[in-house]
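Below, each value reflects all heavy atoms present in this structure, side chains not excepted, and no hydrogens, waters or symmetry copies.
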Amino acid sequence: MLKMSTLFLRTLRDDPADAEVASHRLLVRAGYIRRIAAGIYSWLPLGVITLRNVENIIRQEMDQAGFQEVHFPALLPREAYETTNRWQDYGPSLFRLQDRRGADYLLGPTHEEMFTLMVKGEYSSYKDLPLSIYQIQSKYRDEARPRSGIIRGREFVMKDSYSFDIDDAGLDLSYQRHRDAYISCFNRLGMKYNIVKAVSGAMGGSKSEEFLAPCATGEDTYVLCPKCGYAANVEAMITKVPAGDPKGVPALEELDTPNTPTIDSLVTVMNKNFGGGYTAADTLKNIMLVADGKAIAVLAPGDREVDLKRLQENLRGVHELRVFEEADFAKHPKLVKGYIGPQNVKALGITLYADPRVAPGTSWITGANKKNRHARFVVNGRDFTPDAYIEAAEVREGDSCPECATEIIIDRAIEIGHIFQLGRKYADALNLSVLDQNGKSQVVTMGSYGIGVSRAVAAIAEQTSDEIGLNWPAEIAPAKVHIVATGKENLPFDTALTLGTDLEAIGISVMLDDRREASAGVKFKDAELIGNPIIVVVGKALADGNVEVRVRATGDKSEVSLANAVTAIAALLK
RNA sequence: CGGGGCGUAGCGUAGUGGCUAGCGCGCCUGCUUUGGGAGCAGGAGACCGGGAGUUCGAAUCUCCCCGCCCCGACCA
């Protein structure tokens, strides 16, 4: 039983000045966590219990699914990460350090290499597969900008699993098993979440989905179709636009459009000098970018910005992407800033990408590659041909669902889980292979599955807390029942202790506010701030042989006789 | 790394060149109180983020450094 008279806890009446989001503010105020440095937090007793509860639910579900727990050091030698190139690729986000001899080490940001090497060291036959192993451990990433308390920290607790299979069919199965296990986990954690299509990003690999916990403070944006349930990270959202019919479109015509370097000014001049009814959506934007030092052009409808994040995720393998600066234009004198058109871009040796909204056969108004000149009736497939189509234009609420064409909704969320099929990237690099039935060596194919454990604590706090405090689902609260004893006599305190003991005897965890010196008001405020699901007040009602039972989430109050209290409370927790 | 804000006691804060750095919460002692963050009285607790400078005099002005928060860039 957690007795508040001795619990290492001090709640704060005021919000901490450096906390903005609800989870951060309340976890600090309620005495769960304290900040040590930017993105680095200590966990106090209440926080540790809560974090453990989340961990244990995840652990149970992993074990249930037949995955086995292992544990790696957080402190790792450089070598393995050198082999997979991540010593370089991870860049400044990697915490690096040296031992006394000057040898390089790192604090693990994720452990693909270690898992791969561990399996390589033990297994060498297809008969040993499939295998899924996991760990729950602190990870370290020197984030450019830690933020929102424990939502994005530099040290955080993560559960990461890896699956090992001999072939793609096996990988599909392992992926599915993890997906199912994750669904069980997040359901038990009492979270609202969506499973959305994701891009696998820097990790490589093919199939990838994210588990997103919707909440206003989330960093991820995703789309959701209210009709068919299609869900995708905006970066992975697919655009389906029918091809245009170029028949009957007149030949390309160049026009005098003085002083129209922007889409707005172009639309104005078009409507003034070349017939009405034009909007920005009729124009074609030519965005010049530098991708890892190479110039590329991206086409998008004039009424939409190019979403650089989305573009970069879809340009596989590009590390650095930025828009053209003056110096870049200076290097490409044939590109007339403000009047670029796709008609000659390829002749300049620049790769031409088009957003799918610039569909084959569609006709556009765009630059004529001459100062103060634009062209209309510029048809995709006739007057220019993109090298490739790529999702680049911003996604908007109301855009069409790629599955059923219904208008999609856009929402924000915290990423709490990510599952993906890694394939053979790490097995190849680290030479993990097994012998198949024919005695032939086969490179193993892998999947990687993560859950942000400490982040889940924050996400649950975000989703469940209210103005007065935290409000945990029963399975993860520090205690299921928070008993408050009030008054100055011994009776309520003795009664509360007995009730707490009885509850614990049937497996219901209890936090007991047995502080004699604190006023009832303080105890109530603390109970609400701390956020255990059931609050039982042992005080005034005792005169009638009753205790008061409150439900934190709903605010419902009722009096039950002391004799029935245990069963009544147990029933509420069902 | 760019932009913005900030750093005064455990927490929240006042204090724009001039007495011993002020207040609230929390903490300690005593008395009173005890169903919604109690009252009274007394007390402890601050090298005012660090360093250098300007000045008769610096929490306050200048420069450098460190740290924190927010937006962006970045980020399995």
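One atom, CG of A:Asp526, and another, C1' of B:rA38, lie 15 Å apart when rounded to the nearest Å. As rounded to whole Å, 12 Å separates atom P of B:rA38 from atom CZ of A:Phe524. Distance A:Leu44 CG to B:rC11 P: 13 Å, rounded to the nearest Å. A:Arg455 has its CZ atom 15 Å from the P atom of B:rC75, to the nearest Å. In this structure, the CD1 atom of A:Ile33 is 20 Å from the P atom of B:rG10, given to the nearest Å. Atom C1' of nucleotide B:rG36 and atom NZ of A:Lys540 are separated by 10 Å, given to the nearest angstrom. The interatomic distance linking A:Glu235 (CD) with B:rC75 (P) rounds to 10 Å, in whole Å. Taking atom NZ of residue A:Lys525 and atom P of nucleotide B:rG26, one finds them 14 Å apart after rounding to whole Å.
Between the C1' atoms of B:rC11 and B:rG17, the separation comes to 30 Å (whole Å). A distance of about 34 Å separates the C1' atoms of B:rA44 and B:rG5, rounded to the whole Å. When the C1' atom is compared between B:rG24 and B:rG45, the two are found 15 Å apart, to the nearest whole Å. Taking atom P in both B:rG12 and B:rG72, one finds a spacing of 25 Å when rounded to whole Å. Spacing between B:rA21 and B:rC40 at atom C1', rounded to whole Å, works out to 26 Å. Spacing between B:rA46 and B:rA59 at atom C1', rounded to whole Å, works out to 11 Å. The same atom, C1', is picked in B:rG7 and in B:rG51; the two are 16 Å apart, to the nearest Å. For the P atoms, the distance linking B:rU54 with B:rU16 amounts to 24 Å, nearest Å.
In a base pair of the Watson-Crick type (N1 to N3 plus N6-O4 or O6-N4) or a G-U wobble (N1-O2 and O6-N3), with each distance short of 3.5 Å, B:rA59 is matched with no nucleotide. Nucleotide B:rG45 forms a pair with no other nucleotide shown, judged by Watson-Crick or G-U wobble geometry with both contacts under 3.5 Å. Figure legend. B:rC1 is base-paired to B:rG72; pairs are counted as Watson-Crick or G-U wobble with both atom distances under 3.5 Å. B:rC19 makes up no base pair with any nucleotide shown, lacking Watson-Crick or G-U wobble contacts both under 3.5 Å. Across all strands shown, B:rA9 has no partner, as no Watson-Crick or G-U wobble contact with both distances under 3.5 Å is found. Pairing for B:rG26 is absent, judged as Watson-Crick or G-U wobble with the two contacts each under 3.5 Å. With a 3.5 Å ceiling on both atom-pair distances, the Watson-Crick or G-U wobble partner of B:rC31 is B:rG39.
With A:Phe156 as the aromatic partner, A:Arg455 does not meet the cation-pi criteria of under 6.0 angstrom to the ring centre and within 45 degrees of the ring axis. The side-chain tip of A:Arg550 points at the ring of A:Phe524 from less than 6.0 angstrom away and within 45° of straight on.
Looking only at atom types and distance, the side chain of A:Glu210 has a donor-acceptor partner in the side chain of A:Asn233 under 3.5 Å away. For the residue pair A:Asp142/A:Tyr140, the side-chain donor-acceptor check at 3.5 Å is not satisfied. Side-chain contact of A:Arg515 with A:Ser5: a donor-acceptor pair under 3.5 Å is absent, judged by distance alone. Defined by atom type and a distance below 3.5 Å, a donor-acceptor pair is missing between the side-chain atoms of A:His24 and A:Ser148.
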From CA spacing to verdict: side chain to side chain contact (heavy atoms under 4.5 Å, CB included), A:Met511, A:Leu46: CA-CA 10 Å; A:Met511 190 160 167; A:Leu46 290 184; 3.9 Å; yes
Go through it in stages, so that I can follow the logic: the residues are A:Asp165 and A:Leu173, the test is side chain to side chain contact (heavy atoms under 4.5 Å, CB included), and I'd like the CA-CA distance, side-chain angles, deciding distance and then a yes or no. CA-CA 9 Å; A:Asp165 283 278; A:Leu173 206 62; 5.9 Å; no
Tabulated below should be each protein N or O lying under 3.5 Å from an N or O of nucleotides 30-34 of chain B; please produce it.
residue : atom : partner  : partner atom : Å
B:rU34  : OP2  : A:Lys488 : NZ           : 3.1

Filtered N/O pairs between nucleotides 70-74 of chain B and protein, under 3.5 Å:
residue : atom : partner  : partner atom : Å
B:rC70  : OP1  : A:Ser148 : N            : 3.3
B:rC71  : OP2  : A:Arg145 : NH1          : 3.1
B:rC71  : OP2  : A:Arg145 : NH2          : 2.7
B:rG72  : N7   : A:Arg145 : NE           : 3.4
B:rC74  : N4   : A:Arg147 : NH2          : 3.1

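Around atom CD of A:Glu82, more than 12 heavy atoms belonging to other residues, nucleotides or ligands sit under 6.0 Å away.
At a threshold of 4.0 Å, the pair A:Arg179-A:Asp172 does not count as salt-bridged, since none of the basic side-chain nitrogens sits closer than that to a carboxylate oxygen. Residues A:Arg552 and A:Asp466 are paired through a salt bridge, judged by an N-O separation under 4.0 Å between the basic side chain and the carboxylate. Salt-bridge formation is detected for the pair A:Arg147/A:Glu219: a Lys NZ or Arg NE/NH1/NH2 atom is positioned less than 4.0 Å from an Asp or Glu carboxylate oxygen.
Nucleic acid contact for A:Ala527: none, since no nucleic acid atom lies under 4.0 Å from a heavy atom of the residue. As judged by a 4.0 angstrom heavy-atom cut-off over every strand, A:Asp160 is placed among residues making no nucleic acid contact. Contacts of A:Arg515 with the nucleic acid, taken as non-hydrogen atoms under 4.0 Å apart, are absent. Residue-level contact check: A:Ala19 touches neither bases nor backbone, having no heavy atom under 4.0 Å from any strand. Residue contacts shown for A:Val484 are absent, as no nucleic acid heavy atom lies under 4.0 Å away.
Nearest-nucleotide mapping onto RNA chain B: of A:Arg29 and A:Glu415, the residue sitting toward the 5' end is A:Arg29. If A:Ile36 and A:Glu548 are placed on RNA chain B by their nearest nucleotide, the residue sitting closer to the 5' end is A:Glu548.
In this structure, A:Phe329 and A:Phe324 have perpendicular ring planes: the angle between them is above 60°, well past the 30° mark.
Contacts between residues 1-12 of chain A and RNA chain B, counted as heavy-atom distances below 4.0 Å, involve A:Arg10, A:Thr11.
Each of A:Tyr449, A:Phe115, A:Phe72, A:Phe67 was scored for a ring pair (Phe, Tyr, Trp, His ring centres under 6.0 Å) with A:Tyr162, with one residue passing: A:Phe115.
Side-chain proximity of A:Tyr41 to B:rA38, B:rC69, B:rG36: nearest is B:rC69. Of the candidates B:rG24, B:rG35, B:rC75, the closest approach to any side-chain atom of A:Asp14 belongs to B:rG24.
For A:Phe186 and A:Phe211, the distance between ring centers is under 6.0 angstrom.
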